[in-house]
Amino acid sequence: MSLFLFMLLVSILNPVVSHKSCDFPAVFNLGDSNSDTGGYASAFTPPTSPYGDTYFHMPARRFSDGRLIIDFIAEAFGLPFINAYLDSVGTNFSHGINFATAASTIRLPISVIPNGGFSPFYLGFQYSQFEQFKVRSQMIRKQGGLLAGLMPKEEYFSKALYTFDIGQNDLAEGFFPNLTIQEVNASIPDIINKFSENIKNIYNLGARFFWVHNTGPIGCLPYVLVAFASAEKDPAGCLKPYNEVAQYFNLKLQVSIAQLRNEFPSAAFTYVDIYSVKYSLFAEPPKHGFELPLVTCCGYGGEYNYSASVLCGGTITVNGTEIFVGSCDNPPVRVVWDGIHFTEAANKFIFDQISTGSFSDPAVPLKQACQS
């Protein structure tokens with residue numbers, strides 16, 4: 001056998017897998033407060049100092065002391081931070097757009113702000129906003145002028161990375177009206193079906209590259225720990241039954257993503273196990289350079305330094321003295337920022353772990369998410 005034929009046979013039996021990085025020209029994000037870069041602040045009340053102080057040195061319309069995972073994702077591709085769709089001042093959408101708003105759910109919530117605790121901009125609404133944006137942005141580009149350069153090019157919609165981080169509030173919507181664990185579990189298949197429907201709709205508008213975060217260990221967050229203090233705790237001090245609901249949600253989500261992958265073989269769907277990375281911060285904080293993982297950095301009162309009656313940036317009167325609820329002394333070694341959301345340091349740690357592909361299905365790094 002000639003050398004040429006031998007090498008040809010080897011290449012057929014062992015095809016070379018390309019590890020070339022994907023050149024995503026834009027990022028389109030849908031989600032809740034874990035990835036909200038200004039949606040809630042534009043529609044309702046913006047977070048005040050000390051939010052944003054660690055990185056931005058001022059409130060930056062994010063529910064953290066600094067950057068979020070979505071910010072690190074944009075930075076990884078050399079893109080600017082992604083502006084919120086609802087933010088009408090100084091916005092540039094040429095390299096992506098963010099439809100996420102804090103308190104958003106996948107399903108239409110039962111009660112919405114101001115009469116309830118959840119955002120009216122649920123996932124189906126965010127999809128509608130995306131649908132309108134795609135049409136209107138191209139109308140603006142065709143008209144030319146200054147605004148044209150602030151809109152994404154038409155081809156970006158099929159070449160962009162579409163990121164999703166949503167679902168935690170759907171579980172909370174069940175927990176806080178005091179539904180049983182079984183009742184919340186029973187709602188999960190419908191929640192996942194609604195998620196899949198929106199993914200399909202976005203695919204039909206040209207999206208091809210999907211990066212989907214599962215939901216985190218909600219039973220480790222102080223706002224849940226305080227509300228359900230009598231629940232069984234695991235060795236990390238988290239509420240075991242509430243984390244088990246999150247794990248069930250994630251199982252159904254992973255199955256759903258696999259089904260979408262089979263249904264749309266021309267698209268790349270990456271399921272990201274953010275739960276495991278976040279839980280490691282609570283289970284083994286010293287190993288990762290953190291401390292007091294269950295204690296809120298910016299909060300007030302009790303074992304977890306959290307009270308729903310006075311939140312980060314607020315004030316409370318104690319014995320006639322008004323106290324400002326500010327940041328802890330060292331946010332870079334803390335996990336939970338305000339009892340609900342993570343610190344920038346935790347977000348950076350989480351991003352560093354998930355971007356490698358070690359927690360993804362299929363196991364592709366973020367920069368190869370067009371090849372999954």
Side-chain angles (χ1 to χ4, degrees), residues 27-44 70 82-87 93 96-137 152 157-158 160-177 179 184 186-215 218 246 249-250 252-257 259-261 263-264 267 269 271-272:
V27 174
F28 296 116
N29 182 69
L30 298 90
D32 56 27
S33 57
N34 289 313
S35 60
D36 181 358
T37 57
Y40 185 96
S42 298
F44 306 109
I70 188 63
I82 305 167
N83 290 142
Y85 173 78
L86 296 175
D87 195 346
F93 301 135
I97 190 168
N98 194 350
F99 298 94
T101 64
S104 287
T105 53
I106 294 172
R107 296 194 301 183
L108 174 66
I110 296 172
S111 61
V112 299
I113 302 166
N115 298 318
F118 296 96
S119 169
F121 303 106
Y122 67 104
L123 185 59
F125 206 123
Q126 293 180 31
Y127 159 73
S128 297
Q129 291 173 328
F130 171 68
E131 184 179 33
Q132 293 183 43
F133 174 76
K134 184 179 180 184
V135 174
R136 294 178 63 200
S137 65
F157 288 94
S158 61
L161 180 66
Y162 289 77
T163 55
F164 300 82
D165 193 326
I166 194 167
Q168 177 176 311
N169 292 320
D170 291 87
L171 304 185
E173 187 186 27
F175 293 147
F176 283 93
L179 294 182
V184 178
S187 72
I188 287 175
D190 185 59
I191 295 170
I192 297 300
N193 285 339
K194 292 293 189 297
F195 180 82
S196 294
E197 288 173 11
N198 282 285
I199 293 287
K200 292 177 183 179
N201 289 337
I202 293 170
Y203 172 90
N204 289 333
L205 290 180
R208 290 298 179 268
F209 308 117
F210 299 85
W211 180 267
V212 182
H213 294 174
N214 68 11
T215 199
I218 192 171
F249 174 95
N250 292 338
K252 292 297 184 181
L253 178 64
Q254 186 171 16
V255 170
S256 174
I257 296 300
Q259 292 171 342
L260 289 166
R261 196 178 293 124
E263 187 172 349
F264 303 109
F269 293 91
Y271 168 88
V272 185

Under 3.5 Å donor-acceptor, Gln168 side chain and Ile218 backbone:
no

Backbone N/O of Asp32 and side chain of Asp36: donor-acceptor pair under 3.5 Å:
no

Can you tell me how the ring of [X] sits relative to the ring of [Y], calling it parallel under 30°, perpendicular over 60° and tilted otherwise?
| X | Y | result |
| --- | --- | --- |
| Tyr40 | Phe44 | tilted |
| Phe164 | Phe210 | parallel |
| Phe157 | Phe28 | parallel |

[X] vs [Y] side-chain heavy atoms within contact, under 4.5 Å:
| X | Y | result |
| --- | --- | --- |
| Ser104 | Gln126 | yes |
| Ile188 | Asp170 | no |
| Lys194 | Leu123 | no |
| Gln254 | Asn214 | no |
| Phe264 | Lys200 | yes |
| Phe195 | Ile166 | yes |

When rounded to the nearest 0.5 angstrom, what distance separates [atom1] in [X] from [atom2] in [Y]?
| X | Y | atom1 | atom2 | answer |
| --- | --- | --- | --- | --- |
| Ile257 | Ile199 | CD1 | CD1 | 5.5 Å |
| Phe121 | Gln129 | CZ | CD | 6.0 Å |
| Tyr127 | Asn198 | OH | CG | 8.0 Å |
| Ser187 | Ile106 | OG | CD1 | 10.0 Å |
| Thr163 | Ile82 | OG1 | CD1 | 6.0 Å |
| Tyr122 | Thr101 | OH | OG1 | 12.0 Å |

Looking at every heavy atom in both [X] and [Y], which two are closest together, and how far apart are they?
| X | Y | answer |
| --- | --- | --- |
| Pro152 | Phe93 | CD-O, 3.2 Å |
| Ser119 | Ala102 | CB-O, 3.3 Å |
| Gly39 | Leu86 | O-CD1, 3.6 Å |

Test: side chain to side chain donor-acceptor pair (under 3.5 Å). Region: residues 202-212. Which pairs qualify, not counting sequence neighbours?
Tyr203-Ser266, Trp211-His213

The test is side chain to side chain contact (heavy atoms under 4.5 Å, CB included); show your working for Ile192 and Val255 and say whether it passes.
CA-CA 10 Å; Ile192 297 300; Val255 170; over 6 Å; no

Pairing residues for Arg107 by the salt bridge (charged side-chain N to carboxylate O under 4.0 Å, His left out) criterion, not counting sequence neighbours:
Asp190

So, Asn169 and Thr105: side-chain donor and acceptor under 3.5 Å apart, yes or no?
no

Strictly by modelled atom types, are Asp165 and Ser35 linked by a side-chain donor-acceptor pair under 3.5 Å?
no

Would you sort out whether Asn83 and Thr37 count as a side chain to side chain contact (heavy atoms under 4.5 Å, CB included), showing the intermediate values?
CA-CA 7 Å; Asn83 290 142; Thr37 57; 5.9 Å; no

Would you say that more than 12 heavy atoms from the other residues, nucleotides or ligands in this model lie under 6.0 Å from the CG of Leu108, or not?
yes

Near-ring test Phe130/Tyr162, centroid separation under 6.0 angstrom:
yes

Tell me, with the steps shown, if Tyr271 and Leu253 meet side chain to side chain contact (heavy atoms under 4.5 Å, CB included).
CA-CA 8 Å; Tyr271 168 88; Leu253 178 64; 3.9 Å; yes

